[in-house]
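Accompanying notes for the structure given below.
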Amino acid sequence: MRPPYGANCLVTIGSVSCGPVTIPNSPSSRWVQFANRDVPLRCWWAEPFARVNDTESNSLTNRVYIVLPEVFGVNAWVCSVADRLAAEGYPALALPLFARTAPDLELAYEPSDLAQGRRHKDATTADQILGDVAAALSWLRERHPKAAIHVVGFCFGGHAAFLAASLPGVAAAFDFYGAGVNRMRPGGGEPSLALLPEIQARLTCVFGTADPLIPAEDREVMGAALSKVDPAGQRLRVVECAGADHGFMCEARSSFDPQASAQGWRLLLGDDPVG
C-alpha cells in the first residue's frame with residue numbers, strides 16, 4: 001500500500017497566480033520491471049490513455065520523462081507526478097533510486113521515514129544511479145524511439161537528475177532542490193558539480209530561497225558555475241523561488257508551496273521559458 005498523497009539565468013519567483021489543477025486525460029498506469037544487468041528495477045509507468053497499445057502514436061511521441069524520487073522512494077506522490085505528466089500527454093517512468101537496498105520502497109513523510117530513506121541514500125553511489133538511468137533510457141528508446149527524453153528529480157532525485165544530465169541521450173534535466181551538488185557526490189569523489197563540463201543537455205536547477213538544505217552560498221556557487229559554462233543562459237539556468245522551502249513541489253509535505261509549485265510545473269512542461 002502506498003502512503004497517501006496528503007540562469008545562470010537567475011529568476012526570482014514572487015507572486016504568481018495558481019488555480020486548481022485540472023488533469024483532463026486519465027492516464028493508464030502500472031508497475032513494470034526491467035533490469036540494469038542483474039539489478040531489477042521496479043518502476044511506475046504512466047502513459048496517456050489514448051496512446052496505450054497504439055504503435056503509431058507511440059512512434060510519434062515527441063517527449064517522455066524519467067521521474068527520479070525523493071529519499072521516500074517511488075511512493076504515491078511520485079507516482080502522481082508521472083500520472084500528471086501522462087495526463088498532459090507525455091509518457092513518464094518513475095524510476096527507483098534504491099533498487100539494491102530497498103527495491104520496493106514507498107515511504108510517507110514522517111521523521112522516521114526520512115531517517116529510513118536517508119540510510120538508503122547513504123548506501124547509493126553515483127555510478128549506480130547513472131547505470132540505472134541509462135537502463136531506463138534504453139527501455140524508453142525501445143518504446144518511443146523518436147522522443148526527446150527529459151529527466152526530472154526531486155530532493156535526492158534532483159541531485160540524481162543533475163548527474164543524469166551528463167548521460168548521452170538526455171535532452172533536458174530538471175533538478176528540483178537537489179542538495180549538495182556543489183559539495184559532494186553520492187558514494188564519494190569530486191562534487192557532482194565537477195561533471196558540469198560533460199553535460200550537453202539543457203539543465204534547469206530550481207531552488208527555494210528558504211530551503212535550509214541549499215543555502216544562499218550554495219545557490220551562488222551553482223549559478224556562477226552554470227554561468228561560466230553557458231554565459232547566455234540558453235542551456236543552463238538556475239531558477240530561484242522566493243520564500244519556498246525544501247520540498248515545495250510536493251502536496252503531501254508541510255513545505256508545499258502552491259505558487260512555487262505552479263511555476264515549477266510550468267518550467268517542467270516548457271510553458272514558462274525563462275531568460
Side-chain angles (χ1 to χ4, degrees), residues 5 18-32 34 41-70 74-97 132-154 157-158 160-162 164-165 167-176 178 200-206 235 237 239 249-251 260-274:
Y5 294 10
C18 178
V21 173
T22 300
I23 300 180
N25 302 309
S26 297
S28 175
S29 307
R30 64 191 186 278
W31 292 105
V32 298
F34 54 91
L41 300 171
R42 176 179 175 264
C43 306
W44 184 252
W45 174 231
E47 292 184 281
F49 183 77
R51 293 178 182 168
V52 175
N53 298 323
D54 186 338
T55 303
E56 182 178 357
S57 292
N58 286 347
S59 69
L60 297 175
T61 298
N62 64 3
R63 189 192 311 172
V64 297
Y65 286 85
I66 295 173
V67 181
L68 302 179
E70 308 153 305
V74 183
N75 63 6
W77 181 73
V78 170
C79 292
S80 79
V81 171
D83 289 346
R84 179 168 174 177
L85 289 166
E88 296 283 353
Y90 305 112
L93 182 77
L95 178 73
L97 292 175
D132 292 348
V133 175
L137 290 169
S138 297
W139 190 86
L140 288 170
R141 284 195 199 100
E142 291 178 0
R143 287 152 183 81
H144 299 284
K146 297 182 180 180
I149 299 177
H150 292 201
V151 179
V152 55
F154 307 91
F162 185 98
L167 290 172
V170 174
F174 298 85
D175 166 5
F176 281 91
Q200 300 302 312
R202 298 191 305 279
L203 173 66
T204 303
C205 299
V206 190
R235 186 173 60 85
R237 61 185 178 177
V239 177
M249 290 289 287
C250 178
E251 296 88 345
S261 175
Q263 181 72 359
W265 273 99
R266 286 194 289 270
L267 290 166
L268 180 57
L269 294 170
D271 297 330
D272 191 7
V274 178

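One is the number of the first residue; the rest follow in order along the sequence.
Considering all non-hydrogen atoms of both residues, Asp83 and Ala46 come closest at OD1-CB, 3.5 Å. The heavy-atom pair separating Leu267 from Phe174 by the smallest distance is O-CE2, 3.4 Å. Counting all heavy atoms, side chain and backbone alike, Ala147 lies closest to Val64 at CB-CG1, 4.0 Å. Closest approach of Leu68 to Ala161, counting heavy atoms only: CD1-N, 3.7 Å. Considering every non-hydrogen atom in both Glu47 and Arg30, the closest pair reads OE1-NH1, 3.4 Å. Of all heavy-atom pairs spanning Leu41 and Ala135, the tightest one is CD1-CB, 4.2 Å.
Put simply, the side chain of Arg141 reaches to within 4.5 Å of the side chain of Ile149, judged on heavy atoms. At least one side-chain heavy atom of Trp77 sits less than 4.5 Å from a side-chain heavy atom of Met249. The closest side-chain heavy-atom distance from Leu97 to Pro69 is below 4.5 Å. By the 4.5 Å heavy-atom criterion applied to side chains, Phe154 and Val81 are counted as neighbours. Counting only heavy atoms from C-beta outward, the side chains of Val239 and Phe176 never approach each other to under 4.5 Å. Counting heavy atoms from C-beta outward, Cys79 and Trp31 have side chains that approach closer than 4.5 Å.
In terms of modelled atom types and a separation under 3.5 Å, the side chain of Arg63 and the main chain of Leu269 share a donor-acceptor contact. In this structure a side-chain-to-backbone donor-acceptor pair under 3.5 Å is present from Tyr65 to Leu268.
Rounding to the nearest 0.5 Å places CG of Leu137 at 9.5 Å from CG of Leu95. Atoms NE2 and CH2, on His144 and Trp139 in that order, are 7.5 Å from each other to the nearest 0.5 Å. Between the CH2 atom of Trp265 and the CG atom of Leu85 there is a distance of 4.5 Å, given to the nearest 0.5 Å.
Evaluated for a side-chain contact (heavy atoms from CB on, under 4.5 Å) with Leu93, the options Val67, Val32, Val151 yield exactly one hit, Val32. The side-chain contact (heavy atoms from CB on, under 4.5 Å) with Arg237 is formed by just one residue from the set Val206, Leu203, Thr204; it is Thr204.
For the pair Arg143 and Trp45, the cation-pi test (distance below 6.0 Å, angle within 45°) is failed.
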